[in-house]
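Following: one structure in structure tokens, then a few remarks.
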Amino acid sequence: MLEVLTFATLNGLVTGLLLFMLASGLTLIFSMMGVLNFAHASFYMLGAYFAYSISLQFGYWTGLVFAPLIVGVLGALVERYGLRKVHQSGHVAELVFTFGLAFLIEEAVQFSWGTDTKNYQTPESLNFPLFTLFGQEFSAYRGFMIAIAIAIFIGLYYMLTRSRIGIIIQAAITHPNTVANLGHNVPLIFMGVFGVGTALAGLAGVIAGPVLTTFPGMALVLGSIVFVIVVIGGLGSLAGAFIASLLIGLLQSFAIASDLGMPDLLNLLGVEFARDHPLNDLWTLTLPQVGPVLPFLLLVLVLIFRPAGLMGKRES
Amino acid sequence: MALLKKSAVWIVFALTMLILPQIFDSVLGISILNQMAIAIVFALSYNMLLGQGGMLSFGHAVYFGLGGFLAVHTLILIEAQVLTFSIVLIPLVGGLFGLLAALFVGSFSTRKAGTVFAMISLGIGELAVASSLIFVSFFGGEAGISGDRTYGPPFFGVEFFQDSEIYYVAAAWVLIATLFMYLFTQTPAGRLANAVRDNPERAAFIGYNARWVRYISFCAAGFFAGVAGGLFALNYEFLTEENLNAITSGRVLLMAYIGGLGYFIGPIIGAVALTLMNSLLSNYTDLWLLYLGLLFVLTVMFLPRGFAGLIMMHEVAWRRRTLKTLARPYLLTAIPASLFLLSCIGFIELAHLEGGSLSYLGMMLDPERPLTWVVLVAVVLASFFATRYSLPQLRRAWDEANSLRDEES
Amino acid sequence: QAQDPVRIAFIDPLSGAFASIGSNGLRQLEFAADYYFNSRGGILGGRPIEIVALDNQQSPTETQLQFRRVLSEGIDIIFQGNSSAVANTLNDAITRHNRRNPGAEVLQINYSAVDPVLTNDNCSFWHFRFDAHAIMKLHVLTDYIAENQDIKSLYIIGQDYSFGHVVADTTTELLQQKRPDIEIVGSEFHPIGQVKDFTPYVTKIGSSGADAVLTGNFGADMVSLARSIIDSGLDMPIYTFYAAYDGITATLGEDAKGQVYLVHNEISNPLPTEERKEFTRAFKQAHPQSDVTQPRIINALRMVVAAMEEAQSTDPYDIALALEDMRFTNFSGEEIWMRADDHQAFQSLHISVHTDEGVEFDADNSGYGLYSIHHVPTEETIIETSCQMRRPRR
Amino acid sequence: MSILSLNNVHKNFGETAIIRGVDLSIRAGEKHAIIGPNGAGKSTLFHLISGRHHVSSGTITFKGEEIQNRPPHEINRLGLARSFQVTNIFPRLSVFENIRCALLWSQGYGYSFWHLLGRQTALNDKTAEVLEQISLQDRARFPAGELAYAQQRALELGIAVASGAEVIMLDEPVAGMSHSEAENAVDLIRRITEGKTLIMVEHDMNIVFDVADRISVLVYGEVIATDEPKKIRGNPRVQEAYLGEVVTGA
Amino acid sequence: MLEVNKLHAYYGKSHILQGVTFHVGEGEIVSLLGRNGVGRSTTIKTIMGEVAPHGSIRFKGQEIAGRKSFEIANLGLGYVPESRDIFPTLSVRQNLLLGMKSVKRPGRWSMEELFDMFPNLAERADVHGGVLSGGEQQMLCMCRTLMGDPDMIMIDEPTEGLAPKIVSQVSDLLREIADRGVAILLVEQKLTIALDISRRAYVMGHGKVVWEGTPAELLQADAVRAEWLEV
Ligand SMILES: Nc1ncnc2c1ncn2[C@@H]1O[C@H](COP(=O)(O)OP(=O)(O)OP(=O)(O)O)[C@@H](O)[C@H]1O
Ligand SMILES: Nc1ncnc2c1ncn2[C@@H]1O[C@H](COP(=O)(O)OP(=O)(O)OP(=O)(O)O)[C@@H](O)[C@H]1O
Ligand SMILES: [Mg+2]
Ligand SMILES: [Mg+2]
């Protein structure tokens, strides 16, 4: 029992923090610029691919530094030459734009790197078990992931609360002209925020790539879940995103670890159904089976009962 | 007379739908037309949500899919002779179940618009997909369920062995559904949907509960999505998880958006254009998804009001009868612009090529020879600058064509 | 004198997420058509084979559209392999079409979809399968596991869809018969393509004390699962169906050496015949980045052509009749028998291991590849069918 | 007879008390102005009456029914319409549609999706009539969002009065208008509130004293005086709290 | 300080400003008068770069036509818009903070000082700007611009929606601003106030400046007032 609990917690933490790395950039963009960036996970994928290519030549650590930078610059360019133009046509337009962009990036990745799975590996230097628990290893790389995620959280938190950037952007979403009239270079700031946001996504890609495999579908797998996190956490709340990430990580890992399901419930109730019962699929449902969609259930419930999210102050 | 004038556009619409299958009478032609019919109803129903009601949905395929699944189940029941009615009514069955699903989901999702609504629709969409894979006995898992449309009582002697026979059923339904969706925009509920989209708060102070207004639009949209799903079931005789997943939802969003949300005919244009592209482009290149992505991105950037908006931009010039003055400037820009496009495509295709040489526009391009690349790049650059150079004259001509009105009035 | 080509449609994913497998299949089919026939003067007295590639993005709906295109073009042989869902819907559509349009039938050549239904309850006269179906492969795999006395417990994990369930149910059932002492310590399903991180599953596997893992996963789900198991330091054999090629071999690399096993109907290193080696070299030369991943495509093409030659016709009905009960020796020197009752091909099945030792022909140019360690002759792979074939009357 | 009465109404936002026990009774048919310094809570009071905000305590009675904390659309249906201090219209609808939507409920259309608006002659005539009253008839087809500011204010007014509610509440209806426009607006207000009850917040004293039958002065969330204009002008507390010296000149 | 020469501006196809010429000297209060819709707000917006300018605008001797709004603001030109545009989700204090161009360089005005001047705001320093009363928002908007320490400000309709008592406070503030050496371009509907505090006035009509002079002269010029200002 203890073993199950420990592992579930540990795994949940790692998954959660990984999700947070991705969600942090999106929170930044989504909540500050109001842009529903559907391509966020695509930038994450780009991060992994760039890092893969760089690591072939110069090793993992160079990739860790440069891949996010490249992705950030790409993001900034996208903002400068694409989003900025689209911004005038409203949020739906921005959304469709990023939607198309996600599409485009996925195709471009396949175009340039092919559709195969890429052999992107963790660095040698972190290739040892950090500790062994109940006979299973916890790799140093996972420890490294946790450390980076926490560093991102602290760094961003500091940037958002201790500097004026946060309020400038927030004001500029609704009143860009007014903010400009006060002497702030709004376009530059937007470009910067988008660049930083996408760079964070790229960083998440660099770090997650070796663990979660680098392949053209890797963006799709995470695409909507990051939105779920940002919304459950509450728009505009970094702390909310942090908590929601952990919550979802833990939710999933406990669901998988639990082995509970309808059969147990039915046993408890003393009910039994024949295998050919029309609802057999329902009676045999188990938690691990539905684990990955639980976040969406949570999302719907949270939005129904607490539309502003767990820690959010505003609704949209 | 006034009635005739009003219905003229509908008569033309109906006639077009009658004539098209005579022209494109191959199996493929009919298949594309059927696809368009389905897409038109679906995209229009989506526009009821987003364009008219301001509700951004990422899960509209749920109602399409559920309607379709129930329609297939109905076909199965007809085949098993549990039910007996003509299969031309299947889209109605789909519609009713789409409506039922919308009645349920809408009861909690329409409370708010904006991000909250959008995200609930996303969640519901994912949950629907997950359940469709879990409840295999109803949804058939990833292989879906299939039925057979030929077991219903013949409809005036037609047994629907061929897609071309289904086409006329589909066309009739498109006409009916489009008409009703259009009329809906002319009712109080339809207009209030616009009002609530613009300013839900103020709607409350003229006596309307924004939530109810949204709910009505939402249910109507669900109904017509279900009709489209029913049409799909009739045409393909099967449904899979794919038909209610996020990709289908995303596609309908793109159709409506690219067509132009602000216009009733926008989604129709979008549906036709996208269907065509989907079925034709994929035959010429493996990279068609890349081009599609590019097209979306460029459309959003340069045609914020969609294709319909582009057409409507010419309304003034049309009424002013200055449209023809634009022909020459358009041509002057179009030539370098299309050259630019073509050479870019050539460049991309050549880069993608693995082995051999590329036969492109009647030329053989050999990627091994540096000269090929040099020439290609030169053409790309030259045509790009030529296009840019030609833009000011187009803009001037454009202003002129449109500003004549001022002087006159 | 150019003669009318014999046109064969190939419907599989050529764009989108699954494109690599589809395009690779296409490459092999086209190469085989040239290598065996077109470069040797064509078939049926000089007619070349033309492969018409149609992209379905592995979507059932797109497949329907492409099917209609096939009809429009007047093609009547369709090669298709990826995704049982697609194969099933295509099978339905073709059966319906052929019933409604006698005289204009279409033939489905299934080279890879392994859902047992296709040659059992849903079998069709117009469908031929050239790969062993899931249950056949599992018979072999469970025999192999049963022989290994070190294995006392097994963990089954799979994608939550029909194939995954077939694997779990059949394995449990067969092992129950063959080695009742092997405990199935876990049988897990996860949503297809949705799992971000397999570690939670792997910890569960670790905690269960399993001696081995069996999975039907493919694609990214396969790689991620295997990598997670390896990264967690679990040193147990992993029995699979699809853990090779298309980047998977390269990604598994050194870490998975000797740990990942695969059941398939084509023998790997060492390649048994010169013909096969020749073919592989020629293919590699033409497509340095690709591998001969699915010899069954080549078998299927050659058998279809043999049937055409035998019937001296390209009519699907004639081809189908000629294919029934055909016995054909492929380039690996193995005999393939197409059973008439259910149109299921039988040939010897093999178990191979991921390694770099003795691997003359590697995968993904990685130095690693498959080495066949266990062979099951054709006779032992034959199992019963529930197919009640409805044969059209002519 | 009082048609609307507030009884010891309180409203707090968090810790801060904004409305601190307001008693007010509006007589049917009177023109009642509410004046007071900025931030006194006039708009908040409007929000409370019209249902935009919930009250913290106290009761609001409209035509014998308690309406506090009911949703705004229900209150509106009882016959109480309002305008907003910050222009609040349907920007993408045409001017005509703006007014027509405002008429729908009172004309009994409800949420109907079976009436075709084009055929509702009576409704359309009535809409045209209202448009004429607010002098926007030649802008009927314009999207409301593209109107000039003053025209938008007129439309704002039009939406409020269109339904023919018995009680009309206007929050600074002439703010931002020039002298002449303001005069027109006042004429308009007089005309359309003929025989109805009007409650109005306004800073322009000329207009207030011109239009109002009675005036309430709200200071710091409390009504410090309710009386006829003459007496209010003379009330020293009002002078001190609100009017200052500027008005004496006017 | 500010020289505007033959300024034209368009909204789409309508020609709103048709050659506006005027200037504002150092530390001066100058009023821009005219009927509704003649384009006074547009003039200011065009100077600020919100509407594309055609013509010459010189500020502190530099040509600023065609520059970006934020650059113009950073040159020391402040703008208080008619629409106020308080940032609704930010607190009053944050709104003011946003007005500052740099946190480090102290300007003529400090937050404390402004709070002293407008105790209403001080009291509400930590509530969201969006919930402020109309009048409070007007004050906040003006203070926000002052926080940026401009050398000249352009104020559009500062007394709109203000209670009479506050109106007089505002005109006091305007004088105070001018006393600290900040030039003011004032657009004001209430003629009494405008003429009371400004040194010079321009009257606009039909997108042009049609009259200029001192307040005293304007009071004399009945014809001008009748034709361009009153109805
Ligand atoms: N939601 C809220 N939260 C906190 N304070 C609020 C809220 N709404 C209003 N207030 C405060 O309540 C006070 C009264 O505001 P209100 O808008 O009613 O004033 P007013 O009398 O209409 O003033 P004005 O004449 O300037 O429009 C103001 O100080 C305002 O800041
Ligand atoms: N965004 C816009 N689009 C089109 N026309 C506009 C726009 N803004 C203002 N106008 C028009 O430009 C003209 C001048 O407007 P402006 O706001 O400058 O006038 P103003 O003198 O400041 O008057 P007001 O007292 O109404 O503020 C008006 O006729 C107005 O209708
Ligand atoms: Mg107010
Ligand atoms: Mg103005």
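Each chain gets a letter, A, B and so on, in the order its sequence line appears, and its residues count up from 1. Just so you know, these numbers use all the heavy atoms, side chains as well, and skip hydrogens, waters and symmetry mates.
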Which one, [options], leads in non-hydrogen pairs under 4.5 Å with chain B?
options                              : result
D:Gly118, D:Gly51, D:Ser50           : D:Ser50
D:Asn98, D:Leu80, D:Ile159           : D:Ile159
D:Ala102, D:Pro71, D:Pro72, D:Gly145 : D:Pro72

ask   = Which region of D:Ser163, side chain (C-beta onward) or backbone (N, CA, C, O), has a non-hydrogen atom less than 4.5 Å from a non-hydrogen atom of chain B, or is it both or neither?
value =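 When you check distances to chain B, no heavy atom of D:Ser163 falls under 4.5 Å.
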ask   = Which region of D:Ala160, side chain (C-beta onward) or backbone (N, CA, C, O), has a non-hydrogen atom less than 4.5 Å from a non-hydrogen atom of chain B, or is it both or neither?
value =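 The answer is both parts of D:Ala160.
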message = Taking CZ in B:Arg395 as the centre, count heavy atoms belonging to other residues, nucleotides or ligands within less than 6.0 Å. Is the count above 12?
response =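 No, the 6.0 Å shell around CZ holds no more than 12 heavy atoms from other groups.
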inquiry  = Surrounding CZ of B:Phe264 (heavy atoms of other residues, nucleotides or ligands, distance under 6.0 Å), is the total greater than 12?
reply    =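 Buried by this count: over 12 neighbours within 6.0 Å.
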request  = Please report the shortest heavy-atom distance between D:Val22 and D:Val223, naming the atom on each side.
outcome  =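 In terms of heavy atoms, the two residues are closest at CG1-CG2, 3.7 Å.
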task = Could you pull out the closest heavy-atom pair between D:Ile75 and D:Arg70, with the gap in Å?
result =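 Closest heavy-atom pair between D:Ile75 and D:Arg70: CD1-O, 3.6 Å.
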Contact class of B:Tyr208 relative to chain D, heavy atoms under 4.5 angstrom =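 The answer is both parts of B:Tyr208.
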Under 4.5 Å from any heavy atom of chain D - which part of B:Leu183 =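 When you check distances to chain D, atoms from both the backbone and side chain of B:Leu183 fall under 4.5 Å.
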key: Pairs satisfying salt bridge (Lys or Arg N to Asp or Glu O under 4.0 Å), at least one member in residues 193-207 of chain B, at least two apart   =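 Qualifying pairs, neighbours excluded: B:Glu201-D:Arg52, B:Arg202-D:Glu156.
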request  = With side chain to side chain donor-acceptor pair (under 3.5 Å) as the test, would you mind laying out the steps for D:Gln68 and D:His54 before giving the verdict?
outcome  = CA-CA 7 Å; D:Gln68 75 275 11; D:His54 284 193; over 6 Å; no
request  = Flag the one option from B:Gly207, B:Ala204, B:Ala189 with the top tally of heavy-atom pairs under 4.5 Å to chain D.
outcome  =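 Max contact count across the listed options: B:Gly207.
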Given the side-chain rings of [X] and [Y], with only the six-membered ring counted for Trp, is the space between their centroids under 6.0 Å?
X        : Y        : answer
B:Phe205 : D:His73  : no
B:Phe223 : B:Phe184 : no
B:Tyr63  : B:Phe218 : yes

inquiry  = Suppose a student defines contact as a heavy atom less than 4.5 Å from any heavy atom of chain B. Which residues in residues 82-92 of chain D would they list?
reply    =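 The residues closer than 4.5 Å to chain B, in numerical order, are D:Arg82, D:Ser83, D:Phe84, D:Asn88, D:Ile89, D:Phe90, D:Pro91, D:Arg92.
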query = What is the ring orientation for D:His53 with D:His47, classed by angle as parallel under 30°, tilted 30 to 60°, or perpendicular over 60°?
reply =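 Rings of D:His53 and D:His47: perpendicular, as their planes differ by over 60°.
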